[in-house]
There are 2 protein chains.
Amino acid sequence: MRQISHKIGATQHLPSKVASFITREIAAGRYQPGEQLPTEHQLAETLGVSRNVIREAVSQLRADGVIHARQGVGAFVMEPERRSAIRFDRETLKTNDSLKRLFELRGILETEAAGLAAARRSAEDLKTIKQALDRMSGEERWQDGSIEADLIFHREIARATANDYIYTFVCFICEEIRQSIQIARYTNPLPELVEVNVAEHVRVYEALEAGDVEAARQTMRAHIWNAGMRIDAAPGNTADISMTKQDERDEK
Amino acid sequence: MRQISHKIGATQHLPSKVASFITREIAAGRYQPGEQLPTEHQLAETLGVSRNVIREAVSQLRADGVIHARQGVGAFVMEPERRSAIRFDRETLKTNDSLKRLFELRGILETEAAGLAAARRSAEDLKTIKQALDRMSGEERWQDGSIEADLIFHREIARATANDYIYTFVCFICEEIRQSIQIARYTNPLPELVEVNVAEHVRVYEALEAGDVEAARQTMRAHIWNAGMRIDAAPGNTADISMTKQDERDEK
DNA sequence: ATATGTTTGGTTGTCCTACAACTATACAAA
DNA sequence: TTTGTATAGTTGTAGGACAACCAAACATAT
């Protein structure tokens with residue numbers, strides 16, 4: 001009978017769809033901070049789902065500090081500044097404009113991370129970073145394997161700072177970058193650019209090996225900047241993948 | 001009849017307690033990446049709650065990318081590097097050690113944010129920042145009002161970068177800082193330190209007003225460093241608040 | 001013996017009802 | 001005016017039922 005179900009993106013489970021729906025409503029100013037949300041019963045009826053689904057969505061929003069539920073009263077929208085979790089909407093991240101700003105943040109973080117890593121990296125850290133670098137150079141094209149190695153390279157540098165908060169933040173940003181690239185994959189398999197990319201990583205590595213803080217910062221800053229430019233130049237980034245395309249296949 | 005209920009921290013609702021429980025289990029390596037979690041029925045029975053509660057908790061963990069649930073199969077632990085959200089455990093944040101690292105990250109971010117803000121701030125941005133500064137100077141003691149103004153000062157600088165990602169990150173860190181300070185509040189009401197704190201903010205503001213990028217970076221870097229030292233010196237930060245003390249009262 | 005359907009048990013996804021815990025408001029009584 | 005009480009409404013939790021789905025064992029046909 002499956003009637004309306006798979007109009008579009010029916011693969012994703014309901015609670016997350018409801019959660020992002022409410023999130024968007026709030027972001028759009030449909031519900032102002034301090035304002036009360038509709039009751040769970042109302043939401044359930046309005047959206048045509050059970051209250052259980054609503055509760056799972058609300059539970060997530062509350063965990064993120066987006067809303068604040070009070071038993072016996074209702075749920076209220078909190079000020080966006082007081083969120084207790086960072087989560088990006090990957091739909092809005094698919095535009096060059098957002099990516100540009102994300103790369104600016106990335107540059108700031110990883111530049112300083114590289115500087116700290118140059119000062120603090122252990123011999124083991126250096127070895128792990130080297131492995132990622134080698135794995136990256138091995139690949140000819142810009143494909144899954146080399147992308148993964150690329151991200152590992154950056155993550156391991158962050159780990160070498162011996163600061164778990166920095167590591168967490170860099171991992172998070174890397175993950176967002178990965179998602180964005182996944183979409184526009186195979187756009188620029190130009191061998192020259194791949195080689196340039198590897199060369200930049202080598203320079204960062206050499207600075208880390210030498211323990212040269214300033215060189216590490218500068219080579220990393222230059223690399224992030226260039227990487228941003230390369231993605232910026234790639235076509236096919238403003239694709240309007242209307243809703244919830246992001247289905248995870250295999251995973252084995 | 002309320003028997004066992006308020007043994008300890010019974011105010012928090014069950015799903016979030018279950019979620020943080022499972023999170024801790026995973027963090028402790030009790031469940032390795034790729035490993036399968038117990039079924040929802042098993043978890044429900046083991047923890048003595050209904051499956052609904054388990055589902056709300058699992059729903060949150062999945063939204064954070066901590067686990068990956070496959071219908072008809074089970075839920076599996078994901079690699080911590082692939083999290084899709086940043087959320088800090090505030091219990092572990094109550095140690096000086098963690099706070100130190102958090103302030104290192106904060107310093108990196110806000111230093112560069114101040115630099116960007118000096119270059120990009122509009123006249124309105126400047127006005128908002130000035131308001132926060134005035135509100136901060138008005139207070140004599142280091143109490144709620146001035147703490148709030150202090151945070152607003154930092155947030156507004158981040159907003160002036162015109163980069164919403166930077167703004168989001170700074171807001172998040174500010175919120176974590178606030179939570180940490182809330183605990184150790186009223187520890188150092190020394191008027192001298194408060195004055196020093198205000199003076200540092202003034203210096204940052206003047207750099208922003210002048211549009212001096214380098215001065216903005218240096219004054220902000222110095223301020224974050226000093227602020228970290230001041231909190232570091234404050235007593236009562238290693239309190240062992242065993243479980244889920246974090247109840248939100250009033251909120252009116 | 002290999003390949004191809006088919007069954008079966010188990011797991012997550014969704015729905016439903018019921019009740020407990022709690023709160024704000026209105027109303028009644030002192 | 002103040003205080004206590006009832007009431008209706010909201011979120012929190014429990015439990016059962018079934019749908020959707022999957023993996024592995026089993027049966028059948030080639």
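Every chain is numbered from 1 and lettered A, B, ... according to where its sequence line falls, protein lines coming before strand lines. Note that these values count all heavy atoms, side chains included, but never hydrogens, waters or copies made by symmetry.
- Scanning for side-chain contact (heavy atoms from CB on, under 4.5 Å) contacts around A/Gln42 gives A/Pro38, A/Thr39, with sequence neighbours left out.
- Every residue two or more places apart in sequence or in another chain that forms a side-chain contact (heavy atoms from CB on, under 4.5 Å) with A/Ser16 is listed here: A/Gln12, A/His13.
- Side-chain atoms of B/Glu176 do not come within 3.5 Å of backbone N or O of B/Ile173 as any donor-acceptor pair.
- Put simply, CG on B/Leu61 is 13 Å from P on C/dT12, counting in whole angstrom units.
- Scanning both residues, A/Leu37 and A/Ile67, for their nearest heavy atoms gives CD1-CG2, 3.9 Å.
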> After noting the C-alpha distance and the side-chain angles of B/Phe88 and B/Ile86, does the key distance pass the side chain to side chain contact (heavy atoms under 4.5 Å, CB included) rule?
Replying inline: CA-CA 7 Å; B/Phe88 292 160; B/Ile86 297 183; 3.7 Å; yes
Hey, what are the protein-to-nucleotides 4-7 of chain C N/O distances that come in under 3.5 Å?
none

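- The side chain to side chain donor-acceptor pair (under 3.5 Å) search around A/Lys130 returns A/Asp134, not counting sequence neighbours.
- Taking atom CD1 of residue A/Ile67 and atom C1' of nucleotide D/dT10, one finds them 13 Å apart after rounding to whole Å.
- What separates NE2 of A/His68 from C1' of D/dG12 is a distance of 14 Å, to the nearest Å.
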Check: protein-nucleotides 14-18 of chain C nitrogen or oxygen pairs below 3.5 Å:
unit_1, atom_1, unit_2, atom_2, d
C/dT14, OP1, A/Leu14, N, 2.9
C/dT14, O4, B/Arg51, NH1, 3.4
C/dC15, OP2, A/Ser50, N, 2.9
C/dC15, OP2, A/Ser50, OG, 3.2
C/dC15, N4, A/Asn52, ND2, 2.8
C/dC16, N4, A/Asn52, ND2, 2.8

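- Annotation: side chain to side chain donor-acceptor pair (under 3.5 Å) contacts of B/Thr161 (sequence neighbours excluded): none.
- Note on A/Glu56 versus B/Arg55: salt bridge recorded, some NZ/NE/NH1/NH2 to OD/OE distance being below 4.0 Å.
- With sequence neighbours left out, A/Val53 forms a side-chain contact (heavy atoms from CB on, under 4.5 Å) with A/Leu14, A/Pro15, A/Val18, A/Val49, A/Ser50.
- Residue B/Glu45 contributes atom CD, which lies 13 Å from atom C1' of D/dG15 at whole-angstrom precision.
- Identified under the ring-ring contact (aromatic ring centres under 6.0 Å, His included) test for residues 16-51 of chain A, with sequence neighbours left out: none.
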Pick out the pairs of N or O atoms, protein on one side and nucleotides 5-9 of chain D on the other, that lie under 3.5 Å.
unit_1, atom_1, unit_2, atom_2, d
D/dG9, N2, A/Gly72, O, 3.3

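- Atom-to-atom, CD of B/Gln60 to P of D/dG12 comes out at 14 Å; the value is rounded to the nearest Å.
- The side chain to side chain donor-acceptor pair (under 3.5 Å) test applied to A/Ser84 returns no partner, not counting sequence neighbours.
- Atom CD in A/Gln36 sits roughly 14 Å away from atom P in C/dT23 (whole-Å rounding).
- Listed by chain and residue number, A/Glu156, A/Tyr167, B/Glu81 satisfy the side-chain contact (heavy atoms from CB on, under 4.5 Å) test with A/Arg159 (two or more places apart in sequence, or in another chain).
- In DNA chain D, consecutive stretches of 3 or more Watson-Crick or G-U wobble pairs with both distances under 3.5 Å are given as paired ranges: C:1-30 with D:1-30.
- Between B/Glu148 and B/Arg178 a salt bridge is recorded (basic side-chain N to carboxylate O distance below 4.0 Å).
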